[in-house]
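Atoms considered below: every heavy atom in the structure, side chains included; atoms not considered: hydrogens, waters and symmetry mates. Throughout, protein chains are lettered first and strands after them, A, B, ... in sequence-line order, and every chain is numbered starting at 1. Quick caveat: nothing in here was measured; it's all calculated off a predicted structure.
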Amino acid sequence: MKQFAVVWVPFFAAAVEERCEPRLRDSPLAVVTGAPPAARVADANAAAREHGVAPGMTETEARARCASLVTRPVSAERVRSARCTLLEAAHAVSPRVEDVAPGLVDVDASGLDRLVGDARQVGEELARRARLVGFTATVGVARTRAVARVAARLGHRVSVVAPGEEASFLAGVRLAVLDFPEDLRATLAEWGVRTAGELAALPRDALAARLGAPGLDAHDVVLGIDGAPFRPWSPPPFYQEAQGLDWEVDRLDALVPVLRDLLGRLCARLEGGDVHADALTVQLALTGRRVDDRQIVLAAPIRDAALMLALAKLDLEARPPGAAVTGIAVSVHVVHARVVTGGLWDAPAPASRDLASVLARVAALVGPDAVGAAAPIDTHRPDAFVLVPFAPPDGGADDHGGEPTLALRRLRPPRGIAVETTPDGRPARIGWDASAAPGARSSRVVRCAGPWRHSGEWWDVGAWAHDEWDAALPDGIVCRLVHDRVTDRWVVEGIYD
Amino acid sequence: MSAVSPLQKGEITEIVGGLSSGRTSLLLAALATATRQGGVAALVDAEDSFDVASAQRAGVDLRRVLWVRCARCYRAAVTVTDLLVHCPGFAVVALDLGQGAVRIPAALAFRLRLAARRAAVAVLIGARERTVGSTASLAIRAAQHALEWSGPGPVTTRLSRLGTELEILRARGLACPERLELARLVWWNA
């Protein structure tokens, strides 16, 4: 006979923070998203909700309602990790679990009576496993998932609904306990429908005509009908191949055949799973019980063993292990690559495979931090940008406009100079530093324009204030001089060209 | 300028000139043209002098430009250019040698030209002096022509325009009257 258990961790985002900081369990806690002053409550624990803190309100309003409120920023990474942890805990009891939502896990408990025990014992075991990984969960056990979810929401540690008693159990459940949309809940309240039994008694056709699909879903819940099929969750696969060596290897050409075999087996598994790798990790066990870990980020998802071997060789040549190797393990981070066909009128772009290979070779020559695409940072600070991995967008180009613009050739870092100014503060002569070419110790400023004042981040320790001058020198060079008003230093920032 | 464009697909183009000649502005304009047409470009920056703000104002789609910063290692810059030209798919590979006195060996220059033709990529080399000799199908010299200053009052507050005079030094396959054509461009300082 079918039997399902549902593990429910209420207010999951807040529970994740309580799991990381157990001392927060006794405090009103809200998890906020966004930056002040627009920060909003994403979730709150029971103690905070008792004070009237609710998701969606601003942090300011939440603090006004609860003076002792503790807030933490929402962390998608922590929530994702915790969600996986809860699934693994349930997976330790039954091999068939379903990831319904953050903090909500359906467990197929059919056939566990010999392994674990009766329904109550299954529920107790699930609650214990959840407790072991830091969650206070409630468990409902019933013949269908819908009834088990309702049972889990009653608040008892374990609630068991015996087969055949679903209707009588659901009849008295208040709709406020169930997770219905707000507008549906309001409509039912206006009709005077307060319990699951009253909702179940309503005619289904009329409910569909008045409330549509949400009404039918709610009707299924109170009737204990499972609408969607059970979709089992499986732990993410771990793609790794490893091999110990019979003797120590201290030459790259002796390591290559071993790497080739490992990568060949790994790529065969990737082929079988229809996935690609976007990062390759090579772990070398060295003499003296040391370990050399190196990660190679791939420019595009691939599962080509020859290309991975070439990239690993380049990395090993650029950074030799420093000791003899006694074992190798290679693992990959897998992604599901999507096939994108280019538009008929789009210009061709480098193929992913070719791009990955050439970027690795270029990075080996100039360093991985010197290759990429420039992404400007949203600030007025000059020359503010980051170098991001090069990934040209698909499809046609956006028209970025543009006009014949005078380019600046930046000096990185800006060159420090000594400047003589006129009585009104305009640069008159530039004194180059000692590393200048002989005979070019100083230059007269033929003409200059400025100052163009910039400043920013005045509220922070990194406050800056610059005066920019465009200066023409006797040899025709036009450069940008910058006077830092904070440090009183002069630099040449760049040359117009 | 005539119908000659610095973007010659499958060919090497040299843009030479001193500092403040407008050479770099012409290089940025070529990158903007390439990326605006949906192509992917690469900029090998031998002296790490690429200005992101100038490129944005010129209309360059920065997502489509691979920037390689070579920190004044000119030999590595030339090697990287060779690698990129051999990778099919780039519309433009630009090598900015800055003020470096670099002479690319003839064998490497011919190899570059052959690879450019096979991959149908436009190779642009910006330098102080010519570097690849006869393997470039187009060579342009840029020279500063005029400077214009502006400001609300009698004291100027900004360099507003720089004029560039372009001279075609070499143009393989063009009729003789166009060989010594002069053209003038004006670059606006935003």
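Contact check for A:Arg412 versus A:Asp383: side-chain heavy atoms found under the 4.5 Å cut-off. Contact of the B:Val52 side chain with the B:Trp67 side chain is registered, since non-hydrogen atoms from C-beta on lie closer than 4.5 Å. Inter-residue side-chain proximity for B:Ile104 and B:Thr81 is flagged as unmet; no heavy-atom pair is nearer than 4.5 Å.
Neither the backbone nor the side chain of A:Ala363 comes within contact range of chain B; no heavy atoms are under 4.5 Å apart. With a 4.5 Å cut-off on non-hydrogen atoms, B:Leu28 touches chain A through its side chain but not through its backbone. Using a 4.5 Å cut-off between heavy atoms, B:Val65 contacts chain A through its backbone alone, with no side-chain atom that close. Within the 4.5 angstrom heavy-atom criterion, no atom of B:Leu43 approaches chain A. Both the backbone and the side chain of A:Arg447 come within less than 4.5 Å of a heavy atom in chain B. Contact annotation for A:Cys479: neither backbone nor side-chain heavy atoms come within less than 4.5 Å of a heavy atom of chain B.
Per-residue heavy-atom pair counts under 4.5 Å with chain B were compared for A:Gly372, A:Gly476, A:Pro392, and the maximum is reached by A:Gly372. Considering only heavy-atom pairs separated by less than 4.5 Å from chain A, the leading option among B:Leu66, B:Thr79, B:Asp96, B:Val80 is B:Leu66. Taking A:Leu408, A:Val366, A:Asp475 one by one and counting their heavy-atom pairs under 4.5 Å with chain B, the maximum is reached by A:Leu408. The greatest number of non-hydrogen atom pairs below 4.5 Å with chain A, out of B:Gly98, B:Cys87, B:Ala53, is found for B:Cys87.
The backbone N or O of B:Ala127 lies less than 3.5 Å from a partner atom in the side chain of B:Arg23, making a donor-acceptor pair. Using modelled atom types, no side-chain atom of B:Arg128 and backbone atom of B:Leu19 make a donor-acceptor pair closer than 3.5 Å.
Ion pairing between B:Glu11 and B:Arg113 fails under the 4.0 Å rule for side-chain N and carboxylate O.
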Yes or no on salt bridge (charged side-chain N to carboxylate O under 4.0 Å, His left out) for B:Asp48 and B:Arg69, after CA distance, side-chain angles and deciding distance?
CA-CA 5 Å; B:Asp48 195 18; B:Arg69 308 167 71 177; 2.8 Å; yes

